[in-house]
Amino acid sequence: MPDHKKINVLYLASEADPIIKVGGLGDVAGSLPKALRKLSPAKLGGQSLDVRLVLPFHSVITQKFDNFQLVSSFTVPHPNGGIGSRAFLSYIGDLPVYLIEGYSLLTAPTVYSKDNLRDTRKYTYFSLAVLEFVKSINWHVDILHANDWHTALSVYDLKLRRQQEPFFSNTYSILSMHNMPYMGAESKKVIHDFGLLTCECDHLPDWARTIPLPIGMYAADQLLTVSPNYAKEILTPEYGCGLQDFLVSRKESVAGILNGIDTDDWNPKTDAALLFRYDEDTLETRSLNKTALQDEFSLEKDPQIPLIVLVSRMDQQKGIDIAIEGLRISSNLNFQAIFLGTGDPILEAACRSLEVEFPDRVRAAIRFDLNLSRRMYAGGDLLLIPSRYEPCGLTQMIGMHYGCVPLARATGGLKDTIIDSKNENKNTGFLFNAATPEAFAHTLLRAITIFKDQQKWNQLQKNGMQSDFSWEKSALKYAHLYMDLTGGKNEN
Ligand code: ADP
Ligand code: GLC
């Protein structure tokens, strides 16, 4: 077997758990790079990976942590003069994490804000700082793996520089798309201010040529989505966000690799946030978590009443309005419901209204609360995910892993991960097709009917708990892609 060189992978994201998490991207960026580092060369035909993560040094991070070591000071080019920048190093386990600081980062307090212009400036700066940074530490990156619009311009920057700068001539790029409709707003002026030109690509519609995500999509060597089904969906007008024709023109470079979850972190047997820990053989212990949750929310403590939970960003994407209306038209059924989420004020208000309407059985917890989310996965019977679109979705996998059965719309990654077939013994959840309250209500009735048969319900729970949602299989797929792109590079 020939001697193989390490493949150096730089994974770029706007958030990564446990340093900073807002949504599923944070879960993925905090767990996939770790899973990639765990793959032994024996599994990769002798090849090894040196995976490192890079994040913006958001000021919320500076407030929470202090164990960072300064590793580099460098300048990011800008038409009005260079921007002084610094990079710090920290670790998640053995995963090196670089944090880049400079320019507008210190003054933008949250990871994402309602101020599009400020966010676009911040992430344009970050994306352009990344290549300068790796040059400053003389680290030759083989794979630049960007995620979402926030880091997409790094891929464009690479394409522009790779021809001219030998330092980058062997660097290949991947852009993973976790949420296509978010492309980077109000970006035309920002990217021109940074000295970037409008992207010249015949296949890209005119409107998209100054927007970070589409430009990154044009520039990337490989485009990925976070589930195989979503990779097919984005080639259609329904899900393609106006870029479907462009994506069809790059069809050979578009693939989907399913997300996993960190099963060490999400483990009902060891979860420190739970009052009662359990596994698939101790489901009776699980029911104590249900009673505790009913108690916490002053709901009737009755194990026979199905306890429905929802843990979600409050966003149009998530179809929370569909669930609210669906529950309203199902009010003849006996259920309790707890909503946990924050985001769109209209959806938050709609949850609160439902609580006011059904004070004895609906609760709305309008906040971001990681520990409560864990208690809900461990105590809820049914987890609602009525999404209009879902690039992958992690909550259904977490829910199944915790014995909380998902009721979800058959879209994107939800369809790839939840089994709802004619063979009841194999099923792991409930799926509905039309994005309507009626379709939701019809499926809710189906779920509640099965809930009444505890044996069938336990089977559903166990099927979900036995499903393998760990990262291992998918991490191997990423590793093989890295090897394919770099041509299984040999040392020379
Ligand atoms: P998305 O990334 O689109 O928000 P995912 O299903 O991929 O959806 O991931 C959502 C992640 O964020 C999960 O880990 C979920 O538990 C968590 N989450 C969402 N809303 C809340 C909340 N209000 N409090 C705590 N955790 C939340
Ligand atoms: C996005 C998507 C979600 C996906 C997550 C992580 O936020 O909305 O479906 O699971 O990214 O990839």
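Excluded from the calculations below are hydrogen atoms, water molecules and symmetry mates; all remaining heavy atoms, backbone and side chain alike, are included. Every number for a ligand or one of its atoms is a count from 1 in the order of the listing.
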*Would you mind finding which of S312, S373, G23 brings a heavy atom closest to atom 20 (N) of ligand 1?*
S312
What about [X] and [Y], are their ring centers closer than 6.0 Å?
X	Y	value
W149	Y182	no
Y377	W266	yes
H150	Y112	yes
Y482	Y172	no

Distance to 0.1 Å, residue and atom name: give those for the protein heavy atom nearest to [atom].
atom	result
atom 2 (C) of ligand 2	H178 O, 3.1 Å
atom 5 (P) of ligand 1	L394 N, 3.6 Å
atom 9 (O) of ligand 2	E390 OE2, 2.5 Å
atom 23 (N) of ligand 1	R367 O, 2.9 Å

*Using distance alone, with no hydrogens and no angle criterion, decide if Q461 and D381 have a side-chain donor and acceptor under 3.5 Å apart.*
no
*Is it possible for you to check whether K21 lies under 6.0 Å from the centre of the six-membered ring of F368, through NZ or CZ, and within 45° of that ring's axis?*
no
*Of the backbone atoms (N, CA, C, O) and the side-chain heavy atoms from C-beta on, which set of Y389 has a member under 4.0 Å from an atom of ligand 1: side chain, backbone, both, or neither?*
neither
_Contact partition for D27 relative to ligand 1, non-hydrogen atoms under 4.0 Å_ = side chain
Region of [X] engaging ligand 2 - heavy atom pairs below 4.0 Å:
X	answer
R313	side chain
V226	side chain
D27	neither

*For G393, is the nearest heavy atom under 4.0 Å from an atom of ligand 2?*
yes
*Can you name the one residue among L144, T171, L10 that meets side chain to side chain contact (heavy atoms under 4.5 Å, CB included) with V134?*
L10
*Donor-acceptor pair, R388 side chain versus Q316 backbone, under 3.5 Å?*
yes
*Grab the two heavy atoms, one from A152 and one from L213, that are nearest each other, plus how far apart they are.*
CB-CA, 4.0 Å
*asked:* Just to check, does H178 reach to within less than 4.0 Å of ligand 1 when the distance is taken from its heavy atoms?
replied: no
*Min heavy-atom dist Q396 to ligand 1 below 4.0 Å*: no
Geometric N/O contact [X] with ligand 1, under 3.5 angstrom:
X	result
D369	yes
T395	yes
R313	yes

